[in-house]
Amino acid sequence: MDVSQRIVLHFPPRITNQSIVCRLAKDFDLSFNILKASVTPGEEGLMVMELSGDQRNYDKGIQYLTEVGVKIQSLSQDVVRNEARCTHCGACVNLCPSGAFSIDPETRNVLFDHNKCVGCGLCVKACPPRAMELYF
Amino acid sequence: MAKTIAEINQKIKQGKAVVVTAEEVIDIAREKGVSKAAEEIDVVTTGTFSPMCSSGLFLNIGHSTPRIKFGGGKVYLNDVPAYTGLAAMDIFLGATALPDDDPRNKIYPGEFRYGGGHIIEELAAGKDIRLEAIAYGTDCYPRRKLETWININDINNAILFNIRNAYQNYEVGVNLSDRMIYTYMGVLKPELGNANYCTSGQLSPLLNDPYYKAIGIGTKIFLGGGVGYVAWHGTQHNPDVPRGDNGVPKEPAGALAVIGDLKQMNPEWLVGTSMLGYGCTLTVGIGIPIPVLSEEILRYTTVTDAEIFAPIIDYSEAYPKMKAGNLGEVSYAELKSGHIKIQRKDVPTASLSSYYKAQEIANILKGWIEKGEFLLTEPAAPLPGAESGITIKPLKERPVME
Ligand code: SF4
Ligand code: SF4
């Protein structure tokens with residue numbers, strides 16, 4: 001079975017990411033698509049990639065990354081609001097830990113600031129009409 | 001100055017009726033005084049858009065060939081069970097119904113992604129719904145199985161009949177325990193982490209007509225984007241509660257049973273809703289016109305959020321265990337400020353009822369009346385008031401012996 005996941009990789013300062021990423025393809029037969037990379041020598045590197053391949057190889061690849069000290073997170077940053085489903089009730093306002101929602105005091109419109117969202121996912125299941133959608 | 005509904009309707013037909021929302025009327029009365037405002041204004045429109053669990057839909061899908069009798073059998077709509085204890089082709093779908101294989105709260109908190117409320121929304125949107133039926137077969141209704149797509153445009157009737165909607169005031173839910181709880185008042189964080197409320201306050205229909213002097217059985221209303229009627233007082237209608245000097249109940253009081261043709265409604269105002277850890281329901285849009293028949297009726301509509309109070313209830317202990325008492329009262333103006341004080345703690349608030357959409361409903365209804373598209377009806381009977389002696393009682397359990 002093939003899988004494809006978007007993941008965030010945190011590289012400790014001591015390892016260079018280039019060779020590690022290449023091994024994903026060479027040793028584990030996985031294909032990757034780098035969506036975002038920020039590497040400053042001597043500092044922690046960050047890379048967002050879409051990694052795909054056979055499930056078993058995928059698991060092995062992830063295990064390899066973990067073993068060499070790379071921290072992996074699933075990409076949960078992308079929480080978007082389906083504007084057509086939002087009823088502007090406000091139930092999300094006091095749940096969001098990062099204050100991404102606010103209410104316009106005049107119109108009582110519920111505003112969502114995507115930039116403040118830390119992707120915790122709390123609002124996704126708690127929004128009554130399920131207007132908050134999580135993309136991986 | 002007393003006006004009659006017939007006189008107001010005459011003005012509506014001529015396009016001369018003066019219609020304002022329950023929000024606009026506040027400033028107008030403040031500026032001009034109540035009696036001048038009552039003379040000038042003919043209708044005040046209200047609105048609410050909130051999850052309302054006691055909502056449901058009667059369907060008659062038309063006879064199949066050969067005939068099948070749903071009554072006493074089983075019917076599923078997109079895997080959600082409908083009630084069949086009626087005649088051959090009539091079924092009822094409740095907003096909180098869930099598919100048999102929904103894990104419910106086995107995986108806690110249950111997500112409740114899809115249920116009766118979602119089907120009502122999809123039917124209103126004109127989507128096809130899969131119907132599966134099993135019947136026992138009779139001489140006149142021999143068929144035992146049916147599987148078909150249905151669409152609201154093809155079936156005989158789709159009648160929304162909500163037995164308790166538009167609650168007159170509601171509680172503020174909080175959580176005193178040390179763990180997160182999942183309730184119909186939303187997700188409540190531990191140790192007074194948040195406080196949720198659920199009415200549109202100064203825009204809410206029955207808060208603008210606290211003694212039911214204008215709204216009665218037979219009142220024509222905005223229901224789910226179409227036209228409906230008040231059918232009866234809602235279940236648990238409880239007029240005899242403590243009220244402020246302005247007549248406004250200080251706790252949940254009256255409620256309405258409403259009815260209307262789903263075929264002319266709109267999914268924007270009937271939204272399938274999932275309360276995490278609690279269940280599925282339907283968010284219903286209701287707008288009710290209040291005819292200004294007297295100065296007194298107008299005065300009631302000028303109520304502001306600062307003059308409407310709700311009790312704060314602990315949903316971790318007091319509510320589930322039916323314990324009396326609350327953690328104090330708070331006004332809707334305070335609730336809408338975003339923070340309230342409970343036991344000296346600053347608690348962030350949120351609403352489950354959309355004030356933004358309630359405003360929109362009140363304005364849509366105002367537009368219909370101004371354009372002469374919506375005439376008012378004379379109530380056929382009043383809603384029961386405190387004098388009726390109606391109260392809600394808790395269940396007296398009687399042990400069942402073998
Ligand atoms: S809880 Fe959902 S529907 Fe309500 S305001 Fe937030 S995003 Fe919109
Ligand atoms: S995912 Fe978390 S941080 Fe982002 S908006 Fe939702 S609750 Fe706030």
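Lettering of chains follows the sequences in order, A, B, ..., and the numbering in each one begins at 1. Everything quoted here is computed from the prediction, not taken from an experiment.
- A pairwise comparison of heavy atoms in A/C86 and B/K357 identifies O-CE, 4.3 Å as the closest pair.
- Contacts of A/C92 with chain B are absent, with no heavy-atom separation under 4.5 Å from either backbone or side chain.
- Residue contact with chain A, scored on non-hydrogen atoms closer than 4.5 Å, is absent for B/T281.
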For this session: Show the numbers, then the answer: is there a side chain to side chain contact (heavy atoms under 4.5 Å, CB included) between A/L95 and B/K189?
Result: CA-CA 8 Å; A/L95 278 182; B/K189 296 188 194 175; 3.7 Å; yes
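- Nearest approach of B/A350 to A/G90, heavy atoms of both residues: CB-O, 3.3 Å.
- Minimum interatomic distance between B/Y355 and A/R108 (heavy atoms only, all atoms of both residues): CD2-CG, 3.3 Å.
- Side-chain contact between A/N109 and B/Q359 is absent, with no heavy-atom pair separated by less than 4.5 Å.
- Scanning all heavy atoms of the two residues, the minimum distance from B/A195 to A/N94 falls at O-ND2, 3.5 Å.
- Considering every non-hydrogen atom in both B/L276 and A/K125, the closest pair reads CB-O, 3.6 Å.
- With hydrogens and angles ignored, the 3.5 Å screen pairs a side-chain donor or acceptor of B/S354 with a backbone N or O of A/T87.
- Here the straight-line distance linking atom CD of B/E360 with atom NE2 of A/H88 works out to 8.5 Å at 0.5 Å rounding.
- Heavy-atom pairs under 4.5 Å with chain A were tallied for B/A358, B/G186, B/S353; the largest tally goes to B/S353.
- Atom-to-atom distance recorded for B/Y356:OH and A/C89:SG is 13.5 Å, nearest 0.5 angstrom.
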